[in-house]
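In what follows, a single structure is set out as structure tokens and then discussed.
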Amino acid sequence: MLSINKVAIGASIALFASSVAAHAGHGGPKPGGSKTMNVHKRASNTASNYQAEASITSTAEECTAYYIEEVNALASAYPTIWTIASIPTADTYASSVFNAMSSGIPNIAPRGTSNGDFSGVTYDTSTDPDCWWTQTGCTKPKAAGIPDDVITCPEAKTWGLSFDDGPNCTHNAFYDFLQTNNQKATMCYIGSNVMDWPLQAQRGIADGHHIIGHTWSHMYMTSLTNEEVFAELYYSSKAIKDIMGISVEAWRPPYGDVDDRVRYIATQLGLKTILWDNDTDDWEVEPAGDLTQAQVEANYQDILGNVSSSHGTIVLTHEINEYTMELFMTEYSKIQGVYSHIVPLTACMNWTDPYQEGDITYPNFEDYVAGTTMPSGSPTTFTISSASYSPYQGGGSSVVAAEGLATGAASSASSSGSKAKSSSGSSGSAASASSGSSDASSTSKSSASGLTKPLAGIAAAVFGGVAFVIFA
Ligand SMILES: *[C@@H]1O[C@H](CO)[C@@H](O)[C@H](O)[C@H]1NC(C)=O
Ligand SMILES: *[C@@H]1O[C@H](CO)[C@@H](O)[C@H](O)[C@H]1NC(C)=O
Ligand SMILES: *[C@@H]1O[C@H](CO)[C@@H](O)[C@H](O)[C@H]1NC(C)=O
Ligand SMILES: *[C@@H]1O[C@H](CO)[C@@H](O)[C@H](O)[C@H]1NC(C)=O
Ligand SMILES: [Zn+2]
């Protein structure tokens with residue numbers, strides 16, 4: 001099916017402008033930027049484990065890079081950090097996983113550029129053939145074999161807590177705050193940040209947060225080739241497995257930019273796509289961004305003012321810098337005053353087994369709100385090693401479907417029965433493909449991620465020749 005339709009340019013401009021204004025509302029590290037981070041080459045910070053890093057109180061010291069030999073040794077098996085991922089030639093296992101899925105990928109062409117310039121792209125938003133969220137807000141895929149995106153928490157007066165673009169080096173005060181409040185969240189980690197700040201990443205899982213992927217380099221995914229989409233998802237999941245010891249089953253698309261081609265590849269990797277239904281635009285807060293604290297507080301206030309007694313919400317907030325984290329800490333007591341429950345997405349979906357590792361169990365909604373917030377079996381010590389990641393492949397779509405996760409309508413929420421899972425992927429060879437797919441027959445999974453904009457603030461996007469600003 002052809003994805004780019006010849007529609008009247010004038011009409012498409014108007015549709016683009018309004019839909020983008022409505023949906024492209026979150027920020028993250030600016031894609032394609034000139035990040036100069038190295039994988040742990042600077043050695044003045046001598047922290048060598050996550051507890052030591054977690055005890056640092058000066059943000060400057062937190063952000064002084066440290067050298068972890070095992071992470072440095074991993075790097076050659078990965079794409080270059082903060083650049084569009086592709087499969088390194090030597091990685092024959094990743095190639096075999098990609099080749100196994102490639103014939104089924106929907107025939108949708110990449111559109112626009114990796115930093116969100118869609119000028120010259122026309123797309124029929126009235127039929128929305130590819131369920132392209134950035135244009136229409138579509139979250140119910142039209143291609144076969146892909147589950148609906150997760151966009152909300154079904155439970156009443158429940159704030160689904162999710163932070164994009166971590167791990168950020170300055171997060172200690174914020175993670176301490178969450179710990180003090182016995183509060184867990186869903187953390188959407190960028191693979192390049194995990195490689196840059198492995199001790200901060202390890203703290204995230206050790207503290208009991210729910211981890212999902214947010215791609216390797218935080219680009220607009222619909223602009224990338226099939227192999228690049230695959231590699232962005234694959235290597236961010238692999239970094240989380242190799243460094244943090246868990247195989248994620250969900251991701252959040254940077255900028256929410258997802259269509260059925262991208263969803264299909266994610267699904268084949270056993271990754272469920274998670275978006276949101278309320279957005280704080282916190283990434284724009286000063287001094288890194290262009291909104292005053294009062295303006296972003298007003299966004300929080302809108303969400304509080306629209307609280308529903310019949311359902312909850314997944315709110316987009318960011319770990320992108322200390323200012324977004326500080327703002328959340330300021331707002332926390334106000335949220336508590338309006339929402340009965342503030343929960344990680346595992347709890348809001350009753351998703352008790354969000355990783356391939358079957359020995360890790362998260363509390364369901366009932367247990368979480370009763371005070372059992374800590375998962376059991378999640379790692380607290382880490383052995384960093386490569387070649388341990390083995391995605392659910394091929395069977396990813398049945399894996400995701402079998403999970404039976406809530407995707408939006410409260411009535412669709414259900415939790416699945418028992419699932420057989422591999423306790424830890426240790427394949428690294430194509431042979432694991434068959435065990436992966438048999439596993440899939442009795443399990444289901446998926447993932448998603450968000451966005452950031454640390455560098456320049458706003459990306460100018462151009463649709464149909466008309467430039468406007470995307471909040472990213
Ligand atoms: C509900 O949200 C809208 C924006 O989405 C906002 O304009 C309105 O003021 C909010 N309502 C309340 C009561 O806060
Ligand atoms: C924000 O969340 C509330 C529930 O708290 C929900 O009723 C509302 O629809 C959400 N807003 C949007 C724009 O989805
Ligand atoms: C982390 O946050 C600091 C400010 O607190 C910011 O300067 C830095 O750019 C952020 N890092 C990333 C990778 O976003
Ligand atoms: C979660 O499970 C509880 C029972 O423990 C049930 O009452 C609730 O409806 C479930 N919620 C969702 C969103 O599945
Ligand atoms: Zn993001």
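Atoms within each ligand, like the ligands themselves, are counted from 1 in listed order.
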For T170, the atoms of ligand 3 under 4.0 Å from one of its heavy atoms are 2 (O), 5 (O)
Check: of I190, N168, N193, T324, min heavy-atom distance to atom 8 (C) of ligand 3 comes from N168
H318 and F328: aromatic ring centres closer than 6.0 Å?
no
Atom 6 (C) of ligand 1: of D302, N299, N278, the nearest heavy atom sits on D302
Logged contact type for T59 with ligand 3, heavy-atom cut-off 4.0 Å, is neither
Per-atom filter on ligand 3: closer than 4.0 angstrom to a heavy atom of E322 are 4 (C), 5 (O)
The atoms of ligand 3 lying under 4.0 Å from a heavy atom of I320, numbered in the order shown, are 1 (C), 2 (O), 10 (C), 14 (O)
closest protein heavy atom to atom 3 (C) of ligand 1 is N306 ND2, 3.5 Å
Next on the checklist: Centroid separation under 6.0 Å, is that true for the rings of Y355 and Y362?
Outcome noted: yes
Open item on the list: Both conditions, 6.0 Å and 45 degrees, for the charged tip of R263 above the ring of W133: are they met here?
Closed with: no
* Asked: Any side-chain donor paired with an acceptor under 3.5 Å for N115 and Y255?
  -> no
Query raised in the report: Looking at Y175 versus H209, is the centre-to-centre ring distance below 6.0 Å?
Result: yes
### Message
Is it true that Q200 and H171 share a donor-acceptor pair across their side chains at a distance under 3.5 Å?
### Response
no
